[in-house]
Asks: 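Take this structure first; my questions come after.
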Amino acid sequence: MDILVWYSLITIGVSCFTIPFLPSKIKSVTAFFLVLLLAIASSVPAISVLAGSPLEKIFYGGIIFGNIPLRIDFLSAWFILIVNFTFVTGSLYGIGYMKPYADQKENTALHWILFVAFHVAMLSVCMLQNGLAFLIAWEIMSISAFLLLIFEHNKLEILKAGMNYLVQTHIGVVFLSIGFIWVYFSEGSFDFISIATFFSHHSPKLLFLLFFIGFGIKAGFIPLHTWLPHAHPAAPSHISGVMSGVIVKMGIYGILRIVFYLNTDLVLIGESILILSVLTALYGILNAAVVRDFKRMLAFCTIENIGIIGMGIGIGMIGKGINNPFLMLIGFAGALLHTLNHSLYKSLLFFTAGNIYQQTHTRNMEHLGGLIKKMPGTAFFFLCGALAIGGLPPFNGFISEFLIYSGLIEGIKADNVQFSSMMMLCMAGLAIVGGISMLTFTKAFGTIFLGSPRTTLHHHPKEVSLVMQIPLFLILLAILVIGIFPNLVFTPALAVASNLSGTSAIFSKNILSISPVMVMIGRVSLLMIVLAALIFFIRTKISASKSSEYLPTWGNAYVAPNVRMQYTAKSFSKSFAKLFSFILSEKKRYPEIGSNKIFPQPRTFHSNYLEFFENNFIARVNKRIFAFMNYFMFINNGKIQMYILYGFFFIVILIVASFFNFL
């Protein structure tokens with residue numbers, strides 16, 4: 001632990017004093033190696049913890065902080081490994097993605113220094129278990145993410161997205177601070193263990209709500225999610241992959257940390273989280289299905305998957321509350337596995353989105369089409385990520401969703417009719433989410449990669465460089481390994497859930513029965529891959545021996561096709577959007593043709609879907625705040641004499657208040 005702490009500090013120091021002075025081409029490579037070495041240094045103790053016992057080091061932080069425990073327990077180790085893999089692949093991808101910005105020497109130098117600091121801060125969040133020290137690491141992590149997000153700060157929409165994120169993340173910090181201070185005044189310690197002590201002799205509802213709001217803003221549960229659809233599209237794609245892959249997972253980490261300290265009111269809180277999570281998943285995927293900005297679509301899919309992870313947490317809490325070890329362990333293990341799986345396929349999808357944006361300079365699906373011919377590798381990786389996020393075998397998303405479905409089915413078996421009905425509705429909700437997810441990515445893949453180009457781009461897109469493809473290979477390999485050998489990750493996930501919930505998995509026969517099922521799923525997945533490869537090989541051999549002739553697409557006797565005749569992303573989801581118009585409200589901008597316009601001029605039509613919570617709640621609150629602040633605009637009148645007079649009156653008020661002992 002001492003070596004890890006010193007190595008982290010040295011890594012930040014080296015990045016600060018070397019990266020600014022290196023040539024532009026080496027800055028990103030240096031940052032990658034620093035991240036890689038830090039990942040190795042922190043992964044070794046994390047792996048040893050999962051294989052053995054937790055590590056702990058106590059530092060004395062003076063009168064203010066007291067003892068600062070630095071602990072790597074099972075939960076910390078699990079998230080440290082997820083963070084490290086995502087940061088390594090993200091920094092490797094960033095080497096190629098940031099090449100077009102090589103002329104911005106100061107900006108790129110700061111970017112990579114912040115990336116290393118971001119990594120260190122996130123690892124610190126996973127290990128620090130002192131409330132004040134945790135909040136400092138959390139703040140460094142949040143500010144680093146903000147500065148990385150606004151890399152192209154000269155663009156107004158990116159700066160607005162960054163400020164939106166910064167404001168909302170600090171609202172979360174306020175709730176977390178109140179929670180930690182409350183525990184301190186009650187128990188006299190900032191140590192996380194004192195939270196468990198507080199829960200043992202107080203009602204946990206209000207304190208848990210404070211922590212859930214604080215961590216839930218970072219995670220993206222509705223209605224605390226509104227920063228996320230703006231921030232992910234605005235950030236550079238390797239930052240988007242890291243933010244979606246792991247920074248939202250820090251919210252999940254915090255929620256799980258607090259959940260494992262609970263011993264009372266577990267059923268009530270678990271049911272609340274389960275219902276909120278189903279609504280979050282549905283809301284996220286509904287919005288993803290209709291938006292045409294493919295990075296914004298992926299951001300809404302992050303909200304959807306946070307909902308699925310929350311369902312696992314809710315199931316686990318209910319299982320612990322009703323003393324059902326199978327339900328508890330399968331729920332928590334499913335949540336932990338889906339956290340890992342989502343970090344893999346979502347970073348894969350964001351990196352492929354970065355490939356598309358770098359080559360086309362647009363995020364609007366309606367301007368694309370036919371990219372599979374220009375970027376076949378990117379199309380392949382995007383398709384694999386789409387199938388994985390849809391929960392289809394042989395990819396990893398199927399494994400974690402299978403566990404969550406298993407937990408819901410176990411819950412349906414309960415004797416309580418009301419409880420069983422709730423589980424059935426949640427399972428139906430999860431099934432609907434899966435179906436809409438397939439609709440979403442069928443629309444995205446078909447619009448972006450298939451058909452013909454819908455607009456003429458400024459330059460011809462081509463496949464990205466090898467350094468941007470290597471991380472995609474690594475992520476896809478990890479996805480397939482989990483899909484084929486699920487017990488490699490299911491067993492440690494079960495150990496984490498078992499250790500932190502205080503239950504031994506060996507006492508549950510139902511849990512042991514899942515392991516052979518996992519093996520069977522892996523074998524079937526491997527068979528699917530082999531069959532697909534065999535069919536492709538046979539088809540290639542047969543096609544090679546025959547001549548090929550390319551003709552225009554059959555058009556039902558219409559011999560003059562036009563690219564505008566293709567399905568667009570909007571037309572693909574139009575009927576679906578109408579079905580859910582009470583949530584997916586569409587804003588149209590079209591100048592109507594007047595009755596006196598005999599020969600009307602050409603005009604354009606534009607429409608976009610409004611985000612429900614942002615449009616109906618946040619926008620209205622902002623409007624009221626601005627209206628209230630306008631009453632004080634007379635103060636800012638631009639007259640220097642008035643400003644001097646304000647200062648004079650302020651001094652007079654202080655003197656009078658001091659005279660009457662008001663101060």
Side-chain angles (χ1 to χ4, degrees), residues 208 212 216 219-225 251-252 255-256 259 262 265-289 300-339 341-342 389-392 397-440 493 497 501 510-511 514 580 583 612:
F208 181 83
F212 186 83
F221 286 94
I222 62 167
L224 313 171
H225 67 285
I252 295 297
I255 291 171
L256 281 170
V259 160
L262 286 171
D265 292 317
L266 285 159
V267 175
L268 175 62
I269 297 175
E271 288 177 345
S272 302
I273 291 178
L274 181 60
I275 294 169
L276 178 65
S277 299
V278 173
L279 295 176
T280 298
L282 282 168
Y283 183 80
I285 199 61
L286 284 173
N287 282 276
F300 277 115
C301 288
T302 297
I303 296 171
E304 170 225 343
N305 280 270
I306 288 298
I308 296 175
I309 294 169
M311 290 179 69
I313 296 173
I315 292 167
M317 292 182 70
I318 293 170
K320 187 175 181 179
I322 64 174
N323 197 25
N324 185 329
F326 175 80
L327 195 62
M328 175 182 65
L329 293 175
I330 209 71
F332 287 139
L336 291 167
L337 261 182
H338 203 75
T339 301
N341 291 338
H342 178 253
I389 200 172
L392 296 178
F398 177 79
I399 303 301
S400 50
E401 291 196 23
F402 171 79
L403 291 176
I404 293 172
Y405 271 115
S406 299
L408 292 171
I409 292 171
E410 177 69 16
I412 292 173
K413 298 177 183 177
D415 295 333
N416 190 313
V417 175
Q418 183 178 352
F419 185 77
S420 299
S421 301
M422 183 188 69
M423 288 293 184
M424 290 177 66
L425 290 173
C426 290
M427 188 165 69
L430 184 57
I432 292 170
V433 167
I436 301 174
S437 178
M438 296 309 300
L439 167 70
T440 301
S501 59
N510 291 336
I511 284 292
I514 289 289
F580 292 94
I583 295 177
F612 179 81

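For reference, positions follow the sequence shown, starting with 1.
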Asks: Supply the atom-to-atom distance Met423 CE to Ile315 CD1, rounded to the nearest 0.5 angstrom.
Replies: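 Taking CE in Met423 and CD1 in Ile315, the distance rounds to 5.5 Å.
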
Asks: Does the side chain of Met427 reach to within under 4.5 Å of the side chain of Ile412, using non-hydrogen atoms?
Replies: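 In short, these two side chains touch, coming nearer than 4.5 Å.
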
Asks: Identify the heavy atoms of Ser277 and Phe221 that sit nearest to each other, and give their distance.
Replies: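 Scanning both residues completely, I find the closest heavy atoms to be OG-CE2, 3.5 Å.
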
Asks: With rounding to the nearest 0.5 angstrom, report the OH to SG distance, Tyr405 to Cys426.
Replies: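 That separation rounds to 11.5 Å.
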
Asks: List the steps and the verdict of side chain to side chain contact (heavy atoms under 4.5 Å, CB included) for Met422 and Leu274.
Replies: CA-CA 9 Å; Met422 183 188 69; Leu274 181 60; 3.9 Å; yes

Asks: What is the distance from atom CD1 of Ile389 to atom OG1 of Thr440, rounded to the nearest 0.5 Å?
Replies: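 Nearest 0.5 Å value for the CD1-OG1 distance: 9.0 Å.
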
Asks: Before giving the answer on side chain to side chain contact (heavy atoms under 4.5 Å, CB included), spell out for Phe208 and Val259 the whole-Å C-alpha distance, their side-chain angles and the decisive distance to 0.1 Å.
Replies: CA-CA 8 Å; Phe208 181 83; Val259 160; 3.8 Å; yes

Asks: For residues Leu403 and His338, determine if any side-chain heavy atom of one lies less than 4.5 Å from a side-chain heavy atom of the other.
Replies: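 SC-SC contact between Leu403 and His338 ruled out.
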
Asks: What distance do Met438 atom CE and Ile285 atom CD1 have between them, rounded to the nearest 0.5 Å?
Replies: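 It comes to 10.5 Å.
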
Asks: Measuring only between side-chain heavy atoms, which start at C-beta, is Met311 closer than 4.5 Å to Leu408?
Replies: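 Answer yes - side chains close enough.
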
Asks: Could you grab the distance from atom CD1 of Ile252 to atom CD1 of Ile306, nearest 0.5 Å is fine?
Replies: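 If we round to the nearest 0.5 Å, Ile252:CD1 and Ile306:CD1 are 4.0 Å apart.
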
Asks: Is there side-chain contact between Ile308 and Leu430, with heavy atoms separated by less than 4.5 Å?
Replies: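 Counting from C-beta outward, Ile308 and Leu430 do come under 4.5 Å.
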
Asks: Would you compute the distance between atom NZ of Lys413 and atom CG of Asn324 and round it to the nearest 0.5 angstrom?
Replies: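 CG of Asn324 is found 10.0 Å from NZ of Lys413.
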
Asks: Indicate yes or no: at least one non-hydrogen side-chain atom of Thr302 is less than 4.5 angstrom from one of His342.
Replies: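 Of all side-chain heavy-atom pairs linking His342 with Thr302, at least one is under 4.5 Å.
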
Asks: Show the nearest heavy-atom pair for residues Phe332 and Gly316, with the distance to one decimal.
Replies: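 Looking at all heavy atoms of both residues, the shortest contact is CZ-C, 3.5 Å.
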
Asks: Which heavy atom of Phe398 sits nearest a heavy atom of Leu392, and at what distance?
Replies: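 Taking every non-hydrogen atom into account, CB-C, 3.9 Å.
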
Asks: Are the side chain of Asp265 and the backbone of Leu268 linked by a donor-acceptor contact shorter than 3.5 Å?
Replies: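 Answer holds: no.
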
Asks: Evaluate the side-chain proximity of Leu276 to Glu271: yes if any heavy-atom separation is below 4.5 Å, no if none is.
Replies: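 A side-chain contact is absent here, since even the closest heavy-atom pair is not under 4.5 Å.
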
Asks: Where do Leu266 and Leu262 come nearest, in terms of heavy atoms and distance?
Replies: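 Scanning both residues, the minimum pair turns out to be CD2-CB, 3.7 Å.
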
Asks: Can you find a heavy atom in the side chain of Val267 that is under 4.5 Å from one in the side chain of Lys320?
Replies: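 Result no, sub-4.5 Å side-chain heavy-atom pair not found.
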
Asks: Using every non-hydrogen atom in the two residues, find where Ile303 and Ile222 come nearest and quote the distance to one decimal.
Replies: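 Residues Ile303 and Ile222, closest heavy atoms: CG2-CG2, 4.4 Å.
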
Asks: Give the minimum heavy-atom separation between Gly284 and Phe300, together with the two atoms involved.
Replies: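 Closest approach of Gly284 to Phe300, heavy atoms only: O-CB, 3.4 Å.
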
Asks: Backbone N or O of Tyr283 within a donor-acceptor pair of the Asn287 side chain at under 3.5 Å?
Replies: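 Judged by distance alone, yes, a pair lies under 3.5 Å.
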
Asks: Is a side-chain donor or acceptor of Asn305 paired with a backbone partner of Cys301 at a separation under 3.5 angstrom?
Replies: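 Checked: pair present.
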
Asks: Determine whether Thr280 and Glu304 make a side-chain contact, defined as any pair of heavy atoms from C-beta on separated by less than 4.5 Å.
Replies: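 No - every pair of side-chain heavy atoms lies 4.5 Å or more apart.
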
Asks: Could you tell me whether a side-chain N or O of Ser437 sits under 3.5 Å from a main-chain N or O of Val433, the two making a donor and an acceptor?
Replies: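 No; judged by distance alone, with no hydrogens or angles, the pair does not exist.
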
